[in-house]
Engineer: 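Just passing along the structure, written as structure tokens.
Reckoned from all heavy atoms, side chains included, excluding hydrogens, waters and symmetry mates. Order of the sequence lines sets the chain letters (A, B, ...), proteins ahead of strands, with each chain counted from 1.
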Number of protein chains: 2
Amino acid sequence: MTMTRRRTQDERSAETRRLLLDATVRSLMEVGYANTSTAGIARRAGVSRGAQTHHYPGKMDLIVAATAEMFANFADGMERLAADLRAGRIDLDGFFEAAWDNVLHGDWFYSSLEIIVAARGDEELRGHLAPLILDLHAKFETTWSRSFVATAPEVVSARVAMNLVMNVFRGMAVQAVLRRDERYFREMLEAVKAVLAVHVRPVTPDA
Amino acid sequence: MTMTRRRTQDERSAETRRLLLDATVRSLMEVGYANTSTAGIARRAGVSRGAQTHHYPGKMDLIVAATAEMFANFADGMERLAADLRAGRIDLDGFFEAAWDNVLHGDWFYSSLEIIVAARGDEELRGHLAPLILDLHAKFETTWSRSFVATAPEVVSARVAMNLVMNVFRGMAVQAVLRRDERYFREMLEAVKAVLAVHVRPVTPDA
DNA sequence: TCTTAAAAACCGACCGAGCGGTTTGTTAAT
DNA sequence: ATTAACAAACCGCTCGGTCGGTTTTTAAGA
């Protein structure tokens with residue numbers, strides 16, 4: 001028997017919740033928000049619908065909880081990447097390459113795009129998501145301002161530079177849905193690096 | 001009676017199709033793709049469901065037809081704007097302001113965002129939309145290359161510069177869903193203008 | 001330690017609503 | 001008379017949400 005006998009209630013809850021949140025993100029990635037159903041999530045999680053409704057009574061609860069966790073994971077990942085840059089383990093070029101790869105191939109961007117678009121016409125969902133986004137954005141700014149200094153802050157501040165990059169990445173990732181052109185995106189990425197190098201440079205390890 | 005008697009069949013069809021396509025875009029704007037239904041479109045159009053199914057048998061037909069028309073309208077609007085720039089009726093600053101206003105407050109961006117996101121998980125829809133996007137993009141490039149020249153083409157070509165701007169606008173518009181901050185977007189827009197002015201300048205009227 | 005009642009986790013059937021699509025019938029143009 | 005435009009009822013299906021019942025864990029008392 002591979003069965004784990006007598007798990008505590010907390011363990012059972014945590015396991016089920018984990019399966020459900022992972023399945024929610026997977027469903028958003030695979031079929032999008034419009035085609036994501038509570039039944040589909042439960043099926044992907046390998047959990048009964050009863051268990052799902054017990055832990056997350058409504059669809060909204062699932063989406064919001066999954067989003068909150070996903071955002072936290074992404075903020076952590078970016079901070080780790082920026083820490084590598086500050087410590088000199090990677091250079092500016094490697095930082096942008098990794099960040100873009102994370103946006104394009106990670107779960108975060110397209111999952112959040114799905115729920116952001118869904119939130120546009122859903123007052124309640126928007127109310128739940130707005131604070132999560134604000135929090136994520138604040139974390140980004142902290143990470144970025146610790147990692148970069150502007151060369152000419154009066155023209156383009158470090159904060160504005162960060163948002164420019166984020167917005168270019170966002171736009172590129174949206175475009176990538178209907179335009180799978182590796183060369184085009186490489187060209188764009190190089191241009192972003194070239195343009196940004198003028199306005200911002202990574203902090204040098206002062207040790 | 002305000003009734004128009006004895007309209008020709010073509011007139012009746014054109015009118016009904018127009019009402020339906022307009023209603024489709026309105027529905028996408030108001031409730032998003034996920035909550036857009038054929039019945040809702042017919043209701044918005046003030047047309048019976050029978051008439052709707054007669055002209056556009058499936059939901060896909062409505063979406064694709066409305067998208068095609070919307071893209072064409074947007075391409076025309078941009079070309080008109082660029083023509084104003086080339087003719088000296090507006091300056092570079094006015095061009096970017098109008099373009100951004102069009103993205104943020106026009107129907108085009110958010111409607112197309114809805115269907116692009118929906119297309120990500122829908123093979124058939126993607127197949128219908130991809131050529132429309134390619135066509136729109138080609139028109140953009142023509143308009144842009146007639147209106148701008150790169151100052152240092154070997155670093156950032158005019159084409160790349162255009163795509164950078166488009167992608168920044170895309171990203172900003174996505175962000176605007178959950179972040180209604182006029183000052184922030186003004187700041188970003190000024191930065192885009194400043195950064196781009198280095199790499200590109202409008203063609204001067206040669207007359 | 002053993003018993004047992006309560007609580008929590010879990011299960012699956014059920015429901016009304018809304019969906020996209022089909023079909024049958026009616027009105028208007030040709 | 002023929003055809004296109006329009007109308008509305010209908011169908012099978014899936015959705016999110018609800019609910020009564022079962023199993024597992026927990027905790028209190030003998």
Engineer: OP1, OP2 of dT26(D) versus side-chain N and O of T8(A): anything below 4.0 Å?
Structural biologist: yes
Engineer: N35(A) CG to dG18(C) P: how many Å, rounded?
Structural biologist: 20 Å
Engineer: Starting from P on dG17(D), measure out to CD1 on I63(A) and report it in whole angstrom.
Structural biologist: 11 Å
Engineer: Remember a base hit wins even if backbone is also touched, and classify S13(A) as base, sugar-phosphate or nothing at under 4.0 Å, heavy atoms.
Structural biologist: sugar-phosphate
Engineer: Are D107(A) and L28(A) packed together at the side-chain level, in the sense that at least one heavy-atom pair is separated by less than 4.5 angstrom?
Structural biologist: no
Engineer: Here's a test of your reading of the structure: between T36(B) and G46(A), which maps to the more 5' nucleotide of DNA chain C?
Structural biologist: G46(A)
Engineer: Give a yes/no on whether any side-chain N or O of H54(B) is located under 4.0 angstrom from OP1 or OP2 of dC6(D).
Structural biologist: no
Engineer: Give the rounded distance in Å between these two atoms: CD of E11(B) and P of dA28(C).
Structural biologist: 16 Å
Engineer: Please report, rounded to the nearest Å, how far the P atom of dT18(D) is from the CG atom of D61(A).
Structural biologist: 11 Å
Engineer: When the distance from CZ of R49(A) to P of dG20(D) is rounded to whole Å, what number comes out?
Structural biologist: 16 Å
Engineer: Nearest whole Å is fine: how far is dC19(C) P from M60(B) CE?
Structural biologist: 17 Å
Engineer: For dT18(D), does either OP1 or OP2 sit under 4.0 Å from a side-chain N or O belonging to T53(A)?
Structural biologist: no
Engineer: Look at the side chain of S37(A) and decide which nucleotide, out of dG16(D), dG12(C), dG20(C), has an atom nearest to it.
Structural biologist: dG16(D)
Engineer: Which one of T36(B), L62(B), T38(B) satisfies the side chain to side chain contact (heavy atoms under 4.5 Å, CB included) criterion with S27(B)?
Structural biologist: T36(B)
Engineer: Examine distances only and state if a side-chain atom of R180(B) and a backbone atom of A176(B) form a donor-acceptor pair shorter than 3.5 Å.
Structural biologist: yes
Engineer: What's the closest nucleotide to the side chain of K59(B) if the choices are dC10(C), dG20(C), dA7(D)?
Structural biologist: dG20(C)
Engineer: Taking the nucleotide of DNA chain D with the closest heavy atom to each, which residue, T38(A) or G50(A), is nearer the 5' end?
Structural biologist: T38(A)
Engineer: Can you say whether the rings of F148(B) and F96(B) are parallel (under 30°), tilted (30 to 60°) or perpendicular (over 60°)?
Structural biologist: tilted
Engineer: Nearest whole angstrom, please: distance from the P of dC6(D) to the CZ of R7(B).
Structural biologist: 7 Å
Engineer: Over how many whole Å does the gap from R17(B) atom CZ to dC6(D) atom P extend?
Structural biologist: 9 Å
Engineer: Does H55(B) put a side-chain nitrogen or oxygen below 4.0 Å from OP1 or OP2 of dC6(D)?
Structural biologist: yes
Engineer: Below 4.5 Å, heavy atoms only, C-beta onward: do H137(B) and M162(B) meet side chain to side chain?
Structural biologist: yes
Engineer: By the 4.0 Å heavy-atom rule, please label R12(B) as base, sugar-phosphate, or nothing.
Structural biologist: sugar-phosphate
